[in-house]
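Inspection log for the structure reproduced underneath, given as C-alpha cells.
Computed from a predicted structure; not experimentally measured.
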Amino acid sequence: MQLTENIKNCNGCGACDVACKARCVKITETEDGRREPVIDERGCNKCNACRLYCPLFNPVDLPEFTDWYEFNEEYYKRDMPPVYRQTMRSAKTGQHTEFVGTLCQIAALQSLMGNRLRPNLVVYPMICTEETREKYGCRDCAFY
C-alpha cells in the first residue's frame, strides 16, 4: 500500500483516518510519543483515499495567517479524526465554526474539505517551535 511505503514522512495529522471509508486506518501513538497510522491491510480495498487526502502527498495552499496562537498541548494531543468530522459537519451547515490547530492539522482539515476552507470557518493557527516539534517527534515539517 502506498501509505505504508511513505509512513516515514507522516506527521500524524489523521487525515488518512478520516478519509478511509473502509475504516482500516487508525492513528496511534508510538512509545516515543509520535503519532502514526496503523493500517489493517486485510480490510484495505486499495482505494488510496488515505493518500489522496494526505496533505503531505497532495499539498494544500494554506491561507496566510497574520495572528498566531501559543502552542497548547491539550489541543495538539486531541483525537483529531472526530474533531475534523465535527468541524466539517458544522461548517457545511453554515454555522459559525472555529478550529484551533497546528499547521499540519489545519492542512489536514483543508485537504478533507477539498482544499478550501469555508468562509464561516475561522481557523486559529498554533505556532510550533523547534522545541515542540522535537518533543512530539514531528518530522521535517512541510508547513513551516
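If you take SG on Cys47 and CG on Leu52, they are separated by 7.5 Å, rounding to the nearest 0.5 Å. Taking CG of Leu112 as the start and SG of Cys16 as the end, the distance is 9.5 Å to the nearest 0.5 Å. To the nearest 0.5 Å, atoms NZ (Lys46) and CZ (Arg51) are separated by 14.0 Å. Atom-to-atom distance recorded for Ile39:CD1 and Glu36:CD is 8.5 Å, nearest 0.5 angstrom. Of the inter-residue distances, the one linking Cys13 atom SG with Leu103 atom CG reads 12.0 Å to the nearest 0.5 angstrom.
Between Arg118 and Lys92, the closest side-chain pair of non-hydrogen atoms falls below 4.5 Å. Put simply, the side chain of Asp17 reaches to within 4.5 Å of the side chain of Arg85, judged on heavy atoms.
In this structure, the ring pair (Phe, Tyr, Trp, His ring centres under 6.0 Å) partners of Phe71, at least two apart in sequence or on a different chain, are Tyr76, Tyr136. For Asp40, the side chain to side chain donor-acceptor pair (under 3.5 Å) partners at least two apart in sequence or on another chain are Arg42.
When every heavy atom of Asp61 is checked against every heavy atom of Asn115, the shortest pair comes out as N-OD1, 3.4 Å. Closest heavy-atom contact between Gly14 and Pro81: O-CG, 4.1 Å. In terms of heavy-atom proximity, Cys54 sits nearest to Ser111 at N-OG, 4.3 Å. For the residue pair Cys10 and Pro37, the shortest heavy atom distance occurs at SG-CD, 3.3 Å. The heavy-atom pair separating Ile27 from Gly12 by the smallest distance is CG2-O, 4.3 Å. Considering every non-hydrogen atom in both Met80 and Arg35, the closest pair reads CG-NH1, 3.9 Å.
When atom types are taken as modelled, the side chain of Asn120 and the backbone of Ala91 share a donor-acceptor pair closer than 3.5 angstrom. At least one donor-acceptor pair closer than 3.5 Å links the side chain of Thr93 to the backbone N or O of Ser90. Between the side chain of Thr97 and the backbone N or O of Leu121, no donor-acceptor pair lies under 3.5 Å.
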query = Going through the checks in order, is the side-chain contact (heavy atoms from CB on, under 4.5 Å) test met by Leu109 and Phe99?
reply = CA-CA 9 Å; Leu109 177 64; Phe99 179 84; 3.7 Å; yes
task = Give the intermediate values and the outcome of side-chain contact (heavy atoms from CB on, under 4.5 Å) for residues Val18 and Met88.
result = CA-CA 11 Å; Val18 176; Met88 290 187 297; 4.0 Å; yes
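The environment of OH in Tyr84 is crowded: more than 12 heavy-atom neighbours from other residues, nucleotides or ligands sit within 6.0 Å. In the displayed structure, Arg116 atom CZ is contacted under 6.0 Å by at most 12 heavy atoms of other residues, nucleotides or ligands. Counted within 6.0 Å of NZ on Lys77, heavy atoms from surrounding residues, nucleotides or ligands total more than 12; the atom is thus considered enclosed.
Tyr53 and Leu62 fall within the same hydrophobic cluster, defined by Ile, Leu, Val, Met, Phe, Trp and Tyr side-chain heavy atoms under 4.5 Å apart, directly or through other members. Hydrophobic clustering, with ILVMFWY side chains joined whenever heavy atoms are under 4.5 angstrom apart, groups Val60 together with Leu117.
Under the ring pair (Phe, Tyr, Trp, His ring centres under 6.0 Å) criterion, the residue pairs touching residues 102-131 are Tyr69-Tyr124, with sequence neighbours excluded.
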